[in-house]
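Below is one structure; the comments refer to it alone.
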Amino acid sequence: MKIDGKSYKTIWFENNLVKIIDQTKLPHQFIIKDLKTVKDAINAIKTMEVRGAPLIGATAAYGLVLSIIENNDLSFFKKSSEELIASRPTAINLKWAADRMMKKLSGVNDKDILKIALDEAKSITEEDEKFCKNIGLNGLKIIEDIAYKKKDTVNILTHCNAGWLATIDWGTATSPIYHAHQKGIKVHVWVDETRPRNQGANLTSYELSEEGISNTVITDNAGGILMQRGQVDMCIVGTDRTLSNGDVCNKIGTYLKALSAKDNNVPFYVALPSSTIDWSIKDHRQIPIEERNSEELSHVEGIDENNEIKKVRIYPQKSKSLNLAFDVTPAKLVTGLITEKGICEASEKGLKGLFK
Ligand code: MRU
């Protein structure tokens with residue numbers, strides 16, 4: 001997708017370095033950053049210079065390539081892999097990517113290891129891009145259907161950033177929207193601000209605007225009244241981990257949107273590549289929910305009149321805060337899962353029907 005009219009991917013490998021777009025500076029500054037070591041990759045994930053489940057998975061894969069360049073030793077590789085997996089606990093993609101790299105590299109000769117690792121990291125990114133494109137083509141049918149019946153602009157609500165910046169390209173939740181826009185269907189997106197880090201306001205709104213898609217930022221609490229007023233035709237969100245029973249773990253606040261959608265008969269879809277499915281756990285209470293620094297709540301960051309990024313405290317120093325980063329939307333509130341292989345019911349039967 002484009003920034004200032006130029007096409008980008010979110011991560012790539014060049015001259016033995018991993019290149020990323022530093023998302024902590026968007027939308028105010030566009031900075032391409034070099035990751036030189038596996039520690040840099042771990043740090044980029046922890047500080048959310050890269051974020052979004054598929055993108056942090058790809059960063060873990062490239063981080064392991066960097067670990068081989070630094071020190072081609074199996075114990076260093078294993079330690080790096082464990083640190084990458086622990087860097088953000090909720091999204092399953094980190095483990096998925098690290099395990100995939102480990103499997104590919106086991107038993108490989110020292111002289112071939114770097115090339116094979118690099119090829120595998122590249123195929124993880126290429127596959128994600130292809131899957132996200134297919135998610136878009138599958139989800140497009142839902143938007144087309146609404147547009148055909150409504151004969152007017154389709155209003156879509158989304159939460160957090162499950163856009164191309166959270167993946168390699170296209171995004172998950174946004175991919176059907178980009179495809180609809182490219183087909184000439186009129187769409188408008190309600191963008192949840194997504195406190196505390198404002199991924200909706202800072203990233204989703206930014207990337208949609210760069211593609212010329214009409215969008216409006218709303219407070220996280222506004223979705224309910226918009227749904228009551230009939231101003232939302234559908235919701236599409238992403239996911240950091242989808243259980244085999246169809247429960248969906250995504251950015252904090254997703255659950256409340258799904259409850260409101262149910263109460264107002266608004267279809268609530270979740271878009272995901274299969275790398276986000278956790279087939280191993282059956283009960284959502286076993287999902288590790290990331291708890292982040294309370295400073296993300298107590299402070300806000302923005303740009304001042306001199307174009308300088310400033311951070312300010314917004315509530316008393318003595319106030320306690322709890323910063324849970326994700327919640328779980330039960331499968332019964334999900335209208336359907338939009339995947340690279342098609343759309344299915346949010347259930348074990350639905351998922352197994354698509355992914356044997
Ligand atoms: O904390 P973040 O910004 O990494 O959270 C991202 C989300 O919750 C996304 O919706 C999810 O990763 C799906 S991204 C395609």
Side-chain angles (χ1 to χ4, degrees), residues 1 10-11 20-24 26 44-60 87-97 125 127-129 131-136 139 157-178 189 191-207 220 235-242 248-258 268-278 287-293 296-297 323-329 334 337-340:
M1 299 277 115
T10 51
I11 191 165
I20 58 161
I21 299 169
D22 180 355
Q23 300 196 17
T24 60
L26 293 175
I45 296 170
K46 279 189 178 163
T47 58
M48 294 175 66
E49 288 168 346
V50 285
R51 39 141 309 279
L55 179 56
I56 60 177
T59 310
S87 60
R88 288 197 73 191
T90 303
I92 188 75
N93 301 57
L94 281 176
K95 184 170 160 34
W96 170 86
T125 55
E127 191 180 283
D128 187 70
E129 191 181 334
F131 285 2
C132 284
K133 186 172 181 189
N134 286 342
I135 288 169
L157 183 142
T158 191
H159 191 68
C160 195
N161 172 262
W164 75 269
L165 290 166
T167 63
I168 307 304
D169 208 348
W170 293 104
T172 56
T174 55
S175 187
I177 299 171
Y178 287 131
V189 185
V191 178
D192 279 357
E193 178 187 30
T194 319
R195 279 280 292 149
R197 290 188 67 103
N198 297 329
Q199 290 95 326
N202 289 340
L203 304 174
T204 307
S205 174
Y206 171 68
E207 58 161 273
D220 293 325
C235 302
I236 320 182
V237 299
T239 165
D240 288 79
R241 195 186 286 236
T242 304
V248 168
C249 183
N250 191 48
K251 180 55 56 194
I252 193 86
T254 304
Y255 175 39
L256 287 176
K257 282 313 126 66
F268 189 91
Y269 286 95
V270 179
L272 62 135
S274 49
S275 55
T276 319
I277 305 171
D278 183 346
I287 301 174
I289 300 288
E290 179 180 7
E291 196 177 320
R292 294 186 63 86
N293 195 321
E296 289 184 351
L297 283 183
N323 187 9
L324 296 172
F326 299 95
D327 61 23
V328 178
T329 300
V334 178
L337 301 174
I338 309 171
T339 78
E340 73 268 17

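Both ligands and their constituent atoms are indexed starting at 1 by order of listing.
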Once you restrict to heavy atoms under 4.0 Å, what part of Ile56 touches ligand 1? Side chain, backbone, both or neither.
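Neither part.
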Give a yes or no on whether Tyr255 atom OH has more than 12 heavy-atom contacts from other residues, nucleotides or ligands under 6.0 Å away.
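It does not: Tyr255 OH has 12 such atoms or fewer within range.
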By number and element, which atoms of ligand 1 are closer than 4.0 Å to a non-hydrogen atom of [X]?
X: Asn250; value: 7 (C), 8 (O), 9 (C), 10 (O), 11 (C)
X: Gln199; value: 1 (O), 2 (P), 3 (O)
X: Lys251; value: 1 (O), 2 (P), 5 (O), 8 (O)
X: Ala166; value: 14 (S), 15 (C)
X: Thr167; value: 15 (C)
X: Phe326; value: 1 (O), 5 (O), 8 (O)

Looking at ligand 1, does [X] have a heavy atom less than 4.0 Å from it?
X: Met48; result: yes
X: Asn161; result: yes
X: Cys160; result: yes
X: Pro54; result: yes
X: Arg88; result: yes

What pair of heavy atoms forms the shortest contact from [X] to [Y], and how long is it?
X: Ser87; Y: Leu94; result: OG-CD1, 3.8 Å
X: Glu340; Y: Asn134; result: O-CB, 3.5 Å
X: Ala201; Y: Val191; result: N-CG1, 4.2 Å
X: Ile277; Y: Ile92; result: N-CG2, 4.4 Å
X: Arg195; Y: Asn198; result: CD-OD1, 3.6 Å

Check this for me - ligand 1, [X], N or O atoms closer than 3.5 angstrom, yes or no?
X: Ala53; answer: yes
X: Thr172; answer: no
X: His159; answer: no

Students should be able to answer this: which protein heavy-atom is nearest to atom 7 (C) of ligand 1, and at what distance?
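The closest heavy atom on the protein side is Asp240 OD1, 3.3 Å.
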Close side-chain approach of Met48 and Gln199, heavy atoms under 4.5 Å
yes
4.5 Å side-chain heavy-atom contact, Thr10 and Ile168
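Yes, their side chains come closer than 4.5 Å.
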Do we see a donor-acceptor contact under 3.5 Å between the side chains of [X] and [Y]?
X: Asp192; Y: Thr194; result: no
X: Thr239; Y: Asn250; result: no
X: Asn161; Y: Gln23; result: no

To which of Glu290, Arg241, Arg51, Arg197 does the heavy atom nearest atom 3 (O) of ligand 1 belong?
Arg51
